[in-house]
2 protein chains.
Amino acid sequence: MRISTRSYYGLRALVHLAKERRICPTSKIAKEENLPYDYLQKIFQRLKKAGLIKSVKGVEGGYLLSRPAKRISAGQIFEILEGRMASAPCLGFGQLSCSRARGCSSRDLWQKLETTINQALGSITLADLAANKKV
Amino acid sequence: MRISTRSYYGLRALVHLAKERRICPTSKIAKEENLPYDYLQKIFQRLKKAGLIKSVKGVEGGYLLSRPAKRISAGQIFEILEGRMASAPCLGFGQLSCSRARGCSSRDLWQKLETTINQALGSITLADLAANKKV
DNA sequence: CATAAATAGGACTATATTAATCCGATTTAC
DNA sequence: GTAAATCGGATTAATATAGTCCTATTTATG
Ligand code: SF4
Ligand code: SF4
């Protein structure tokens with residue numbers, strides 16, 4: 001179970017954006033966080049599509065959070081960037097039901113893992129991270 | 001963050017093995033759990049290499065747990081099959097240190113995620129799963 | 001109005017990992 | 001001797017990641 005650089009980069013960039021507290025272009029973030037510019041663009045497009053950030057085109061444009069950092073959880077960020085959370089085939093998306101689900105001894109474990117991760121990440125906000133608050 | 005079928009298959013197979021409580025060939029498990037035989041072989045070889053199971057060659061041979069199911073945690077299984085746990089580049093393996101580690105606002109999050117997962121999976125034993133104990 | 005800075009998005013590539021499959025060798029109970 | 005099993009190496013196909021590149025569009029500012 002590995003976490004992609006997309007998540008690492010994305011989180012760092014969002015924390016940066018939260019610290020800025022105003023509109024900020026990807027070029028600035030890429031430079032200051034030492035991240036590949038083109039790739040970061042893609043990440044921000046993805047975050048925008050998911051509604052987490054807003055964009056302004058043109059000179060002096062850039063991105064900004066679409067709601068206060070206090071109302072953005074790490075779990076939301078993670079879900080957007082990482083795609084699917086930990087979850088067994090039988091859980092989560094699109095009712096991929098498994099014929100073995102009844103009485104399956106493994107299912108509970110994957111369920112618990114998913115719940116645990118969601119709780120852990122759901123309780124941390126972007127504001128917490130930006131403030132370097134101990135989580 | 002996706003979990004591989006290797007983990008799903010492996011856990012199911014190990015629970016099966018724990019329920020059997022005696023030597024059991026992969027052919028039987030593959031058949032009864034409806035898993036691809038050749039792939040399951042590889043999974044068992046990996047588990048053996050890691051010392052989690054023992055093998056007996058030849059007719060009437062197969063695999064068995066190398067210690068009581070009560071002393072095997074889901075975390076141990078997961079670590080063997082999934083390879084690396086959730087962890088930031090700056091954490092975990094081989095001191096891949098990051099020049100940004102000092103004062104990094106993201107680091108705590110990844111650390112917490114890793115700790116949380118380890119705690120959750122470390123507290124569940126294969127015996128629990130085999131007994132269908134609610135986790 | 002021209003320009004430069006920015007987002008938007010499609011296409012492409014390279015690499016790595018997963019999820020197998022296949023083959024041949026070895027061991028061993030019967 | 002044979003069949004059932006592990007062992008291990010090689011190979012493959014599909015998928016995801018981690019980018020890169022190019023073009024279009026928008027817009028503040030001189
Ligand atoms: S075998 Fe069990 S854990 Fe796996 S998909 Fe089916 S119900 Fe879920
Ligand atoms: S940027 Fe922060 S979280 Fe990422 S590797 Fe460096 S110290 Fe760790």
Side-chain angles (χ1 to χ4, degrees), chain A residues 1-13 17 20 22-66 78 80-86 89 93, chain B residues 1-13 17 20 22-66 78 80-86 89 93:
Chain A
M1 188 175 68
R2 93 181 218 281
I3 293 167
S4 64
T5 62
R6 194 164 57 223
S7 295
Y8 295 133
Y9 293 176
L11 184 69
R12 264 167 73 190
L17 195 57
E20 290 275 352
R22 59 184 162 141
I23 196 162
C24 184
T26 44
S27 56
K28 185 168 192 275
I29 297 178
K31 202 171 149 196
E32 296 180 4
E33 291 289 335
N34 195 28
L35 296 172
Y37 170 74
D38 287 302
Y39 193 33
L40 190 60
Q41 280 286 74
K42 293 297 178 201
I43 292 173
F44 270 57
Q45 279 176 28
R46 189 166 171 151
L47 290 167
K48 195 210 163 177
K49 208 169 180 179
L52 212 68
I53 55 179
K54 284 182 292 194
S55 68
V56 176
K57 274 185 161 186
V59 177
E60 301 283 297
Y63 291 94
L64 64 163
L65 299 180
S66 57
F78 198 64
I80 293 165
L81 295 177
E82 208 59 28
R84 36 195 158 182
M85 298 294 274
F93 310 95
Chain B
M1 187 177 68
R2 96 182 215 279
I3 293 166
S4 63
T5 62
R6 194 163 57 221
S7 295
Y8 295 133
Y9 292 177
L11 184 68
R12 264 167 73 191
L17 195 56
E20 289 276 352
R22 59 182 162 144
I23 197 163
C24 184
T26 44
S27 56
K28 186 170 190 277
I29 297 177
K31 201 171 151 195
E32 296 179 4
E33 291 288 336
N34 194 30
L35 297 172
Y37 171 74
D38 287 302
Y39 192 33
L40 190 60
Q41 281 284 73
K42 294 295 179 203
I43 293 173
F44 270 57
Q45 278 175 28
R46 189 167 172 148
L47 290 167
K48 195 207 163 180
K49 209 169 180 179
L52 213 69
I53 55 178
K54 284 182 292 192
S55 68
V56 175
K57 274 184 157 188
V59 178
E60 301 285 296
Y63 291 93
L64 65 163
L65 299 179
S66 58
F78 199 64
I80 294 164
L81 296 177
E82 207 60 27
R84 39 196 155 182
M85 298 296 272
F93 310 96

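Chain naming here is simple, since letters A, B, ... match the order of the sequence lines and numbering starts at 1 in each. Note: hydrogens, waters and symmetry copies are ignored here, and every other heavy atom, side chains too, is used.
For A:K54, the side chain to side chain donor-acceptor pair (under 3.5 Å) test picks out no residue, with sequence neighbours left out. Among residues two or more places apart in sequence or in another chain, the side chain to side chain contact (heavy atoms under 4.5 Å, CB included) test is passed with B:S4 by B:R6, B:S7, B:E82. In this structure A:T5 satisfies the side chain to side chain donor-acceptor pair (under 3.5 Å) test with no other residue, sequence neighbours excluded. Judged as a side chain to side chain contact (heavy atoms under 4.5 Å, CB included), and not counting sequence neighbours, the contacts of A:E20 are A:H16, A:R22, A:C24, A:K28, A:E32.
Within a heavy-atom distance below 4.0 Å of DNA chain C, the residues of residues 46-60 of chain A found are A:K48, A:S55, A:V56, A:K57, A:G58, A:V59. Contacts between residues 29-44 of chain B and DNA chain D, defined by a heavy-atom separation under 4.0 Å, are made by B:Y37, B:Q41, B:K42.
A:Y63 OH to A:L40 CG: the interatomic distance, rounded to the nearest 0.5 Å, is 8.5 Å.
A sub-4.0 Å separation between OP1 or OP2 of D:dA5 and a side-chain N or O of B:S27 is present. For A:Y9, a side-chain nitrogen or oxygen approaches OP1 or OP2 of D:dG19 to under 4.0 Å. Residue B:R6 places at least one side-chain N or O under 4.0 Å from the OP1 or OP2 atom of C:dT18. In this model, the phosphate group of D:dA5 is not approached by any side-chain N or O of B:T26 to a distance below 4.0 Å at OP1 or OP2. Listed pair B:T5 / C:dA19 meets the phosphate criterion, a side-chain N or O lying under 4.0 Å from OP1 or OP2.
Taking the side chain as every heavy atom from C-beta outward, A:L81 and A:Y9 never approach each other to under 4.5 Å.
Remark: C1' of D:dA16 and CE of B:M1 are 16 Å apart, rounded to the nearest angstrom. We find that CD of B:Q45 is positioned 13 Å from C1' of C:dC23, with the value rounded to whole Å. Rounding to whole angstrom units, CZ of residue B:R12 and P of C:dA19 are separated by 13 Å. One can place CD1 of A:I3 at 18 Å from P of D:dA16, the figure rounded to the nearest angstrom. Atoms CZ (B:R2) and P (D:dT17) sit 8 Å apart, rounded to a whole Å. With rounding to whole Å, B:Y63 atom OH is found 14 Å from C:dT28 atom P.
The two atoms that bring A:A50 and A:I80 nearest to each other are CB-CD1, 3.5 Å, heavy atoms only. Across A:N34 and A:R12, no two heavy atoms sit closer than the pair O-NH2, 4.4 Å.
For residues 34-48 of chain A, no residue pair satisfies the salt bridge (charged side-chain N to carboxylate O under 4.0 Å, His left out) rule, not counting sequence neighbours.
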